[in-house]
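Written below as structure tokens is the structure these notes are about.
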There are 2 protein chains.
Amino acid sequence: MLKRERLDLIMKMVTEQNFIAVSDLAKTMNVSEMTIRRDLDELSKAGKVIRLHGGVQALSLQMKTEQNFHEKREIHIAEKKEIAAIAASLVEDNETIYVGPGTTLEFMVARLDQENLRIVTNSLPVFETARKNPHNYQLILVGGSYRRISGTFYGALANDELDSMNYDKAFVGVNGISDAELLTADIEEGQTQSIGLNNAQKKVVVADMYKFNHRDFYQFYSLYDIDELVTNKQASPDVLEYYRQYTSIRTGIDS
Amino acid sequence: MLKRERLDLIMKMVTEQNFIAVSDLAKTMNVSEMTIRRDLDELSKAGKVIRLHGGVQALSLQMKTEQNFHEKREIHIAEKKEIAAIAASLVEDNETIYVGPGTTLEFMVARLDQENLRIVTNSLPVFETARKNPHNYQLILVGGSYRRISGTFYGALANDELDSMNYDKAFVGVNGISDAELLTADIEEGQTQSIGLNNAQKKVVVADMYKFNHRDFYQFYSLYDIDELVTNKQASPDVLEYYRQYTSIRTGIDS
DNA sequence: GGTACTTCTAACATTTTTGATCAGAATTCC
DNA sequence: GGAATTCTGATCAAAAATGTTAGAAGTACC
């Protein structure tokens, strides 16, 4: 039985039964539990499954349909889910986090599994996704003027409100990264996000490989001031090597 | 059986049966009672369940208010739509209005047909409805802490934000009207609404006939300070007569 | 109130699960 | 074929989960 077959079978069994124990999987496939654990790590990091003590759980139906919905209109879903899984793992119990707008960050809040989080966001889609997370986290939506295209709140009101709080960690997405510049399409949204970053102890940027060496209109932050850049493991080693001069980069493979 | 699976099953059984004994849970899941107690501690700390001597109880109070909330959406629809239509007609072109939470006000923003409005609200359902209005009005959602039961934003953040703006008109709903008192169920939501009223040139209250002579927990405003009370035409003439001593009342029939 | 009974808490013992590491097996690539 | 890479299984210490007590606290009944 090939590894690929095994992964497929695991996915099939998990989606059918919702919960499965590592021991069951090992028995039905005739491999050691260690192997299953490694498989599950891989599936979990790819954002396809939720790892539990003793076994796995399928993504909730809500999350799945939500993801299918996104899949229809969004690109690079696999990469984004992978990045979302890593970003979600950076959060710790009892933290207050700012989460900016973006599909990747929607996937991230869907996957959060820590205890007692307080989530602050100015993105309506992120807020809606967080609301469906089985953990009933405390949610704070930063209000203000509403931009229909992106579903975000911006402007003086939003900025003041965001600025009145402090965060353990901030997670933001970008449209492009070019040298030390983080770029986005909209001035006001960029400014709002930079406030979220400023008020956070630890500043995290999520960006799939396609964002590197890609420019956009407005430069809203410097990569030098970012603590952690999360991207997917398919990013070219040369690119990663180059950007490591600016900040610490985290991908799927290494720690 | 995985731990998570067990927790899910406990939640399911508790919500179905309202109360379950620790011993029952232990027996049906084939684990020791100590394990169940630890599970219950966890669920209780997460605020999902109420721990009692001998067993657990579902969140009866929340459940009830939530039921009331959903029930509220269902009843007196015709009256609410009638009131909503009148309230919507009070708005004029180019105005900035504050709209509080409530089913009636959802109907109202759906019906708005004026030009160039700016709508401020702290209710997510109202916001969502306004978003679907074919006129692309400027929408400002007042953010803050989120109350899942009612879908509203409240707290210091929301209050500050609301207080920083001025409105041509404010529209709020109530749970009850008794003499000159406007009553609602929740202190914080009441306070937020009173700020919206304070900062409005013209203060409008919408209330169907069933709200008259009905008391509730928190008194958040005085009917003396309200400019216009909108209700449905089936309200008894005696009641209308009585309440006209406090403010101007508008119904479906007369102007 | 007092007694008998049940349930709870806390501490410790036991079992299960995990992640890290390493050596051997399988696979791929030249 | 042989080297390099990837995959797998075994071992083991640490962590997590569970079970087992004994004494404390709560409840019910007289």
Side-chain angles (χ1 to χ4, degrees), chain A residues 1-11 13-14 17-58 82 85-86 88-94 111 113-116 134-135 232-237 240 250-255, chain B residues 1-11 13-14 17-58:
Chain A
M1 182 177 227
L2 298 177
K3 181 182 170 191
R4 185 71 218 186
E5 279 178 273
R6 212 173 50 226
L7 291 179
D8 286 351
L9 184 54
I10 290 176
M11 283 307 297
M13 293 180 70
V14 170
Q17 304 183 34
N18 204 31
F19 291 100
I20 309 192
V22 171
S23 54
D24 286 353
L25 289 169
K27 238 185 288 172
T28 58
M29 314 205 190
N30 247 5
V31 291
S32 75
E33 301 197 345
M34 195 60 232
T35 303
I36 296 293
R37 285 198 194 93
R38 280 186 275 243
D39 291 347
L40 295 185
D41 276 351
E42 206 172 319
L43 291 172
S44 169
K45 274 185 184 150
K48 295 186 173 179
V49 103
I50 296 170
R51 199 101 164 52
L52 303 172
H53 193 95
V56 258
Q57 183 178 13
E82 178 193 339
I86 303 167
S89 73
L90 298 178
V91 180
E92 286 159 56
D93 291 351
N94 308 309
R111 285 189 64 88
D113 195 33
Q114 288 81 358
E115 295 297 323
N116 188 34
H135 294 264
N232 56 310
K233 57 173 175 277
Q234 288 82 9
S236 107
L240 292 181
R250 192 178 286 248
T251 73
I253 357 176
D254 66 349
S255 81
Chain B
M1 182 176 228
L2 302 178
K3 182 182 169 188
R4 183 57 172 275
E5 217 172 341
R6 211 174 49 228
L7 292 178
D8 282 1
L9 185 55
I10 291 176
M11 283 307 297
M13 293 179 72
V14 169
Q17 306 181 32
N18 203 37
F19 175 87
I20 310 190
V22 172
S23 54
D24 286 353
L25 289 169
K27 237 185 289 173
T28 58
M29 317 210 185
N30 247 4
V31 292
S32 75
E33 300 197 347
M34 194 60 229
T35 302
I36 296 293
R37 289 201 186 91
R38 279 187 273 243
D39 289 349
L40 297 184
D41 277 351
E42 209 173 317
L43 291 171
S44 169
K45 271 183 191 155
K48 296 187 172 178
V49 102
I50 295 170
R51 197 98 167 56
L52 300 174
H53 195 91
V56 257
Q57 189 177 16

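Just so it is clear: chains get the letters A, B, ... in the order the sequence lines come, proteins before strands, and each one is counted from 1.
- Nearest to the side chain of B:Ser32, among D:dT20, D:dA10, D:dC7, sits D:dT20.
- A 4.5 Å side-chain heavy-atom check between A:Arg37 and A:Met34 finds at least one atom pair inside the cut-off.
- Nucleotide D:dT8 holds its P atom 9 Å from the CD1 atom of A:Ile36, rounded to whole Å.
- With rounding to whole Å, B:His53 atom NE2 is found 8 Å from D:dA25 atom C1'.
- One interatomic measurement links the two molecules: CG of A:Leu40 to C1' of D:dC7, which rounds to 16 Å at whole-angstrom precision.
- Regarding A:Glu5, its CD atom lies at a distance of 12 Å from the P atom of D:dT8, rounded to whole Å.
- Protein atom CE of B:Met34 is 16 Å distant from nucleotide atom P of D:dA22, rounded to whole Å.
- With sequence neighbours excluded, no residue satisfies side-chain hydrogen bond (donor to acceptor under 3.5 Å, both in side chains) with A:Arg38.
- Side-chain contact between A:Thr35 and A:Arg6 is present, with heavy atoms from C-beta onward closer than 4.5 Å.
- At the phosphate of D:dT18, OP1 or OP2 sits under 4.0 Å from a side-chain N or O atom of B:Arg6.
- Between A:Glu42 and A:Arg51 there is no salt bridge, since no side-chain N of the basic residue sits under 4.0 Å from a carboxylate O of the acidic one.
- In summary, contact between chain A and DNA chain C, defined as any nucleotide atom under 4.0 Å from a heavy atom of the protein, begins and ends at C:dT17 to C:dT21 in the 5' to 3' direction.
- Distance A:Leu2 CG to D:dT6 P: 17 Å, rounded to the nearest Å.
- Residue B:Val49 is tested with B:Leu43, B:Ile10, B:Leu7 for a side chain to side chain contact (heavy atoms under 4.5 Å, CB included); the sole match is B:Leu43.
- Using modelled atom types, one side-chain atom of A:Gln114 and one backbone atom of A:Ala88 make a donor-acceptor pair closer than 3.5 Å.
- Computed from coordinates, the B:Arg37 CZ to D:dA17 C1' distance equals 17 Å when rounded to whole Å.
- Regarding contacts with the backbone of D:dT8, every side-chain N or O of A:Thr35 stays at 4.0 angstrom or more from both OP1 and OP2.
- Contact check on A:Arg4 versus A:Asp8 returns a salt bridge, with a Lys/Arg side-chain nitrogen under 4.0 Å from an Asp/Glu carboxylate oxygen.
- Rounded to whole angstrom, the span from the CE atom of A:Met29 across to the P atom of D:dC7 amounts to 17 Å.
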